[in-house]
Amino acid sequence: MVARGIGLVYGGGNMGLMGAVAKATHDAGGAVHGVIPEAMTKIEGIGLLGETTLVKTMHERKSLMNDLSDAFIALPGGFGTFEELLEMTTWSQLSIHSKPIGVLNVAGFYDPLVALVDGAAREGFVKEGNRGLVIVRDNVDALLDALQAFRPPEGRFDIPWSAV
């Protein structure tokens, strides 16, 4: 990421894969901005790499991370990762943002989720065009290339959020 001039906005903790990515990005001289609810610092600690913003709620965290980010990438993770990935996908479907969303499918970790989404598209629960909202690749360079080439697909809802 750093070699491509890409900074990192992440959840602000110092645990797990994202904590490791934040440390590696920071150590390589990249920009790092963590956003973490104050209550979560007792569980995850605070990364304190680069800039850290403490917020009150998870909703505030996701909104600020959206504002600060040019794209979203999900690494293998748990419920929090799944929820954030699907919320950013929903926000794109609703035209709240038009940013690329990527999944790094390490060792097929996300194959079951990809199959679920493909099944939902086949059954008509996800518009075929919206299937393209999530870019899935199994290596970092291919994912970053695809994210940089992303154009929002046809089929998203055309909602004038600024007029609401």
Rounded distance [0.5 Å steps], NE2 in His33 versus CG in Leu64: 5.5 Å
Mind checking the CG-CZ spacing from Asn130 to Phe157? Nearest 0.5 Å is all I need. 7.0 Å
I'd like to know whether CD of Glu83 has more than 12 heavy-atom contacts from other residues, nucleotides or ligands below 6.0 angstrom. yes
Among the clusters formed by ILVMFWY side chains lying less than 4.5 Å apart, do Leu144 and Leu17 turn up in the same one? yes
Within this structure, what is the CG-CZ distance for the pair Leu147 and Arg4, rounded to the nearest 0.5 Å? 9.0 Å
pair Leu104-Val140: side-chain heavy atoms closer than 4.5 Å: yes
Is any side-chain heavy atom of Arg156 closer than 4.5 Å to a side-chain heavy atom of Leu133? yes
Distance from Glu84 atom CD to Glu87 atom CD, nearest 0.5 Å? 8.0 Å
Taking every non-hydrogen atom, the tightest pair across Ile43 and Met15: O-SD, 3.3 Å
Please answer whether the main-chain N or O of Asn66 pairs with a side-chain N or O of Lys99 as donor and acceptor at a distance below 3.5 Å. yes
Taking atom CG of Asp70 as the centre, does the number of heavy atoms from other residues, nucleotides or ligands within less than 6.0 Å exceed 12? no
Can you confirm whether Met40 sits close enough to Met58 that some side-chain heavy atom of one is under 4.5 Å from a side-chain heavy atom of the other? yes
Would you compute the distance between atom CG of Leu54 and atom CD1 of Ile36 and round it to the nearest 0.5 angstrom? 7.5 Å
Give me the atom names and distance for the closest heavy-atom approach of Arg61 to Pro37. CD-CD, 3.7 Å
Are the side chain of Arg131 and the backbone N or O of Val126 linked by a donor-acceptor pair below 3.5 Å? no
If only atom types and distance count, is the side chain of Thr25 paired as donor or acceptor with the main-chain N or O of Val21 below 3.5 Å? yes
Can you tell me how far apart CD1 (Ile135) and CD1 (Ile73) are? Round to the nearest 0.5 Å. 9.5 Å
Quick check: does any side chain N or O of Tyr110 sit under 3.5 Å from a backbone N or O of Arg137, one acting as donor and the other as acceptor? no
Minimum-distance pair of heavy atoms, taken over all atoms of Glu60 and Lys56: OE1-N, 3.0 Å
Quick one: do Phe82 and Val103 end up in the same hydrophobic cluster if we chain Ile, Leu, Val, Met, Phe, Trp and Tyr together by side-chain heavy atoms under 4.5 Å apart? yes
Say whether Leu49 and Val2 are linked into one hydrophobic cluster, either directly or through other cluster members, by side-chain heavy-atom distances under 4.5 angstrom. no
Mind checking whether Phe109 and Ile101 sit in one hydrophobic cluster, side chains of I, L, V, M, F, W, Y counted as touching below 4.5 Å? yes
Has the side chain of Thr89 got a donor or acceptor atom that lies under 3.5 Å from a matching backbone atom of Leu85? yes
Can any side-chain N or O of His97 pair as donor or acceptor with the backbone N or O of Met88 at less than 3.5 Å? yes
Same cluster or not: Trp91 versus Val117, using hydrophobic residues (I, L, V, M, F, W, Y) connected whenever any side-chain heavy atoms lie under 4.5 Å apart? yes
